[in-house]
Amino acid sequence: MPCPVAEVVVEPAVTGAGGYPSDLTDEQWALVEPLLPPPRTGPKGGRREKHPRRRIVNAILYVVRTGCAWRQLPHDFPPWQTVYWYFVRWHDEGTVVQVHDALRAQVRRTAGRSEEPSAGLIDSQSVRTADTVPAATRGFDAGKKVKGRKRFLVTDTLGLLLAVHVMAASVQDRDGAKRPLLWARLDPVRADQGFAGRLVDWMAQIPGRELEIVRKDPGQRGFQAQPKRWAIERTFSWLTAHRRLARDYEHHPAHAETVIRWAMIGVMTRRLARGRPATRPGARPLRRTTGVKNRTRRR
């Protein structure tokens, strides 16, 4: 009786060709790979990692970009348990923060700026939460009529993320902004009218820095980009283009902050590989061919 032959599983090669639109290209992966920690091995070498790091990163970016649940990852990615384990491990070890900050420094150098900014912007965004989010970490924003969580972002004048803090939406702007302002050592920091009042005095007394309030024109109606604050509004548009961030699905607020950093990692790697900021083409005029005209007349 012939001996049974063991089945050998051969994983496809990981390249920049094909795949999903959220996958890293070869140029983008060359930026991220050196920033990841080395594989864990024992004193005598130990077992090698089963799944390539690039497939793990692509799977995380796929979840962030498409907004799918971890359990609904396509089968051509590693098992969702493995991907989520790396997501939590790199969050706990601070790897995501290190990768994000290193890429931000590269983007600033490419733009002709110093690695550490001196001035910054702060703003908040209230988003609805999923049913899986604990009630203790969400609240009701009476001003914007949103029940969920509030994201406090501090960016530089280019719109690159410096600090993020996720809290219940019931927290006032002047109270929730204190922690990210302490993390980001900037002077001055520009904010809208929602941060006026006690927070300005607190910034002058505790950190000893200036909080500049950019006020709207008295006759302004509707939304209008402010000359000194428009960059952070663009950052929010970058983030909400990722479906995982259109609503807050994370059980822990700290994991929601990590998802925001992963979204910015994708934005910065594309910008570095492109070599310049993205430009959108203008509106294309509609052109109707002769065949379309004839079919329209026949109908």
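- Between the side chain of R185 and the backbone N or O of S118, no donor-acceptor pair lies under 3.5 Å.
- Expressed to the nearest 0.5 Å, how far CG of L103 lies from CZ of R261 amounts to 13.0 Å.
- One finds a salt bridge joining D101 and R104 here, because a Lys/Arg side-chain nitrogen approaches an Asp/Glu carboxylate oxygen to under 4.0 Å.
- With rounding to the nearest 0.5 angstrom, the CZ atom of R65 is 10.5 Å from the CG atom of L245.
- Under the side chain to side chain contact (heavy atoms under 4.5 Å, CB included) criterion, A177 pairs with I122, F152, L181, F195, L199, sequence neighbours left out.
- Minimum heavy-atom separation, R244 to V63: CB-O, 3.6 Å.
- Aromatic ring centroids of W183 and H165 lie under 6.0 Å apart.
- In this pair, W70 and Y84 present their aromatic rings perpendicular. The plane angle is above 60°, beyond the 30 to 60° band.
- R54 has a carboxylate O that lies under 4.0 Å from a charged side-chain N of D26, or vice versa, which qualifies the two as a salt bridge.
- Within the 4.5 Å cutoff, the side chain of P134 has heavy atoms near those of the H251 side chain.
- By the 4.0 Å N-to-carboxylate-O rule, D156 lies close enough to R108 to be salt-bridged with it.
- Between the side chain of T82 and the main chain of P78, no donor-acceptor pair closer than 3.5 Å is present.
- Residues L211 and A191 come closest through the heavy atom pair CD1-CB, 4.0 Å.
- In this structure, L162 is a member of the same hydrophobic cluster as M203, with clusters built from ILVMFWY side-chain heavy atoms closer than 4.5 Å.
- The closest donor-acceptor contact from the side chain of K145 to the backbone of A142 lies under 3.5 Å.
- If you check the side chains of R149 and T137, you find a donor sitting under 3.5 Å from an acceptor.
- Of all heavy-atom pairs spanning A168 and R138, the tightest one is CB-C, 3.6 Å.
- L36 and R53 make their closest contact through CB-NH1, 3.7 Å (heavy atoms, listed as atom of the first residue, atom of the second, distance).
- One finds the CG atom of D187 at 10.5 Å from the CD atom of E212 (value rounded to the nearest 0.5 Å).
- Rounding to the nearest 0.5 Å places CZ of R174 at 11.0 Å from OG of S124.
- Going from atom OG1 of T110 over to atom CG of L158 covers 10.5 Å, rounded to the nearest 0.5 Å.
- Outside the 6.0 Å centre-distance limit, the rings of H51 and F77 are not counted as a close aromatic pair.
- Around the CZ atom of R89, the shell of radius 6.0 Å holds more than 12 heavy atoms that belong to other residues, nucleotides or ligands.
- A donor-acceptor pair under 3.5 Å is absent between the side-chain atoms of R151 and the main chain of V127, judged by distance alone.
- Under 4.0 Å is where a charged nitrogen must lie from a carboxylate oxygen, and between R109 and E115 at least one such pair does.
- At least one side-chain heavy atom of H255 sits less than 4.5 Å from a side-chain heavy atom of F87.
- Closest of all the heavy-atom pairs between L153 and F236 is CD2-CE2, 3.8 Å.
- By the rule that hydrophobic residues join a cluster once side-chain heavy atoms approach within less than 4.5 Å of another member, V133 and L239 end up as members of separate clusters.
- Between the side chain of T258 and the backbone N or O of A254, at least one donor-acceptor pair lies under 3.5 Å.
- As a member of the Ile/Leu/Val/Met/Phe/Trp/Tyr network built from side-chain separations under 4.5 Å, Y249 groups with nothing else and remains a singleton.
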- Test K150 against D173 for salt bridge (Lys or Arg N to Asp or Glu O under 4.0 Å), laying out the working first. CA-CA 9 Å; K150 183 176 291 187; D173 288 350; 3.1 Å; yes
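- V97 and L161 end up in different hydrophobic clusters when Ile, Leu, Val, Met, Phe, Trp and Tyr side chains are linked at under 4.5 Å.
- Between T269 and E27, the closest side-chain pair of non-hydrogen atoms is not below 4.5 Å.
- Taking the side chain as every heavy atom from C-beta outward, Y20 and L61 never approach each other to under 4.5 Å.
- Inter-residue side-chain proximity for R270 and Q28 is flagged as met; some heavy-atom pair is nearer than 4.5 Å.
- Inter-residue side-chain proximity for L186 and P117 is flagged as met; some heavy-atom pair is nearer than 4.5 Å.
- Within 6.0 Å of CZ in R209 there are more than 12 heavy atoms belonging to other residues, nucleotides or ligands.
- Hydrophobic cluster membership is shared by L121 and M268, with clusters built from Ile, Leu, Val, Met, Phe, Trp and Tyr side chains linked at under 4.5 angstrom.
- Hydrophobic clustering (ILVMFWY, side-chain heavy atoms < 4.5 Å, transitive): V214 and V154 are in distinct clusters.
- Within the model, atoms CG of L272 and CD of Q106 stand 5.5 Å from one another, a figure rounded to the nearest 0.5 Å.
- Between the side chains of T129 and D248, no donor-acceptor pair of N or O atoms lies under 3.5 Å.
- Contact detail for A163 and P180: the closest heavy-atom pair is CB-O, 3.9 Å.
- The closest side-chain heavy-atom distance from W90 to I56 is below 4.5 Å.
- Remark: the R113 side chain and the T157 side chain contain an N/O donor-acceptor pair separated by less than 3.5 Å.
- Using a 4.5 Å heavy-atom cutoff, the side chains of R198 and W202 are not in contact.
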